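To start, the structure under review is shown below, and the notes come after it.
As the structure is a computational prediction, the values presented were derived from the model and not from experiment. One-based numbering, in listed order, for ligands and for the atoms of each.
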Amino acid sequence: MTVEIIPCTKTMAAEIRGVDLSQPVDDDSAATLLEAWHKYVLLLFRDQKMTDQQLKNSAAWLGKTSQIAMPVDRRGDDDIEIQKVSNIRDKAGKPIGALGDGEMWFHHDNSFTEAPDKATWLYAVELPSTGGNTLFGNCYESYEALPKELKKEIEGRKVLQVYDFTIREKPRRNELADVPHYWQPVVVQHPVTGRKALYLDRLMTAAIDGGSDAESDELLGQLFPYIERIDYEHEWQLGDYVIWDNRCSVHARRDFPADERRLLKRGKVEGDPLLSAKIAAA
Ligand code: OGA
Ligand code: MN
């Protein structure tokens, strides 16, 4: 099997040709994929045909499949390894999946947990005629683009990542009793590449430590625009399989017609607690 790697843009993403993810990936190809994934942050495999069982093994070259934490009542079904990302409703009007309709702001998946999943994959099963592209930003580039003073100002600090996709007004630090949350390093050192990545996003970051709420809002307001960059825009085709690194990228979604069906299957690969760039460099 010859693996071909075709970079998509100057800053991230590569298409892989010559790999059928429905079959076990041999050791040489696995090493090639791993190296490419760390280099390009996101890999795209087109024309994949996979059953759920095959999907569950599709990222074995990268690590262990993670169990889905999202409560069953929010996501429509109870498979613990594959989640449906969909706006489709069943005959009774109940959503068959999670993250239904519309635009989604840039975010890192599972950033509100102690050990966020290192990778997420999405596999396209049904698509609207237009819209619904997934946008990706490279957070190494976000960090690099910060002015020196901002890099200095945030060194060694932490951001409060909170989970609730249903609220846009984020809770304050003293209102967290019922909200899954975790303080993450605002600059993450990637455990494999050693590179520094900015880690925060408008959807889930509620505060940065080291000051008052007002100071935190002010600083986050300065930082968010650096994260919201489109390094790669994925226009979905049926059978596309995309897998990205959550430690050094963010993603968002463009709007699509609410009356058209969209179904992606989604799984994740377990990760470790994130490393703070400052501590890792010390
Ligand atoms: C996700 C996600 C974006 C999309 O599954 O984590 O953000 O395009 N999906 O549906
Ligand atoms: Mn997501």
When the ring centroid of F106 is compared with that of H251, is the distance short of 6.0 Å? no
Among L55, L122, I68, I82, exactly one meets side-chain contact (heavy atoms from CB on, under 4.5 Å) together with R266. Which residue is that? L122
Counting backbone and side-chain atoms alike, is an N, O or S atom of H251 positioned under 2.8 Å from the Mn ion (ligand 2)? yes
Of all pairs that satisfy side-chain hydrogen bond (donor to acceptor under 3.5 Å, both in side chains), the ones with a partner from [range], not counting sequence neighbours:
range	answer
residues 141-156	none
residues 118-129	D109-T120, T120-N246, E126-R261, S129-E260
residues 32-41	none

State the atom name: nearest N, O or S atom of H107 to the Mn ion (ligand 2). NE2
Of the N, O or S atoms in D109, the one nearest the Mn ion (ligand 2): OD1
Atom pairs and distances, ligand 1 N/O vs protein N/O under 3.5 Å:
unit_1	atom_1	unit_2	atom_2	d
ligand 1	5 (O)	R266	NE	2.8
ligand 1	6 (O)	D109	OD1	3.1
ligand 1	6 (O)	D109	OD2	3.2
ligand 1	6 (O)	H251	NE2	3.4
ligand 1	6 (O)	R266	NE	3.1
ligand 1	6 (O)	R266	NH2	2.9
ligand 1	7 (O)	H107	NE2	3.2
ligand 1	7 (O)	H251	NE2	3.1
ligand 1	8 (O)	T134	OG1	2.6
ligand 1	8 (O)	R262	NH2	2.8
ligand 1	10 (O)	R253	NH1	3.0
ligand 1	10 (O)	R262	NH1	2.9

Over 60° means perpendicular and under 30° means parallel, so tell me whether W236 and H234 are parallel, tilted or perpendicular. perpendicular
Looking at R229 and D231, is any side-chain nitrogen of the basic one under 4.0 Å from a carboxylate oxygen of the acidic one? yes
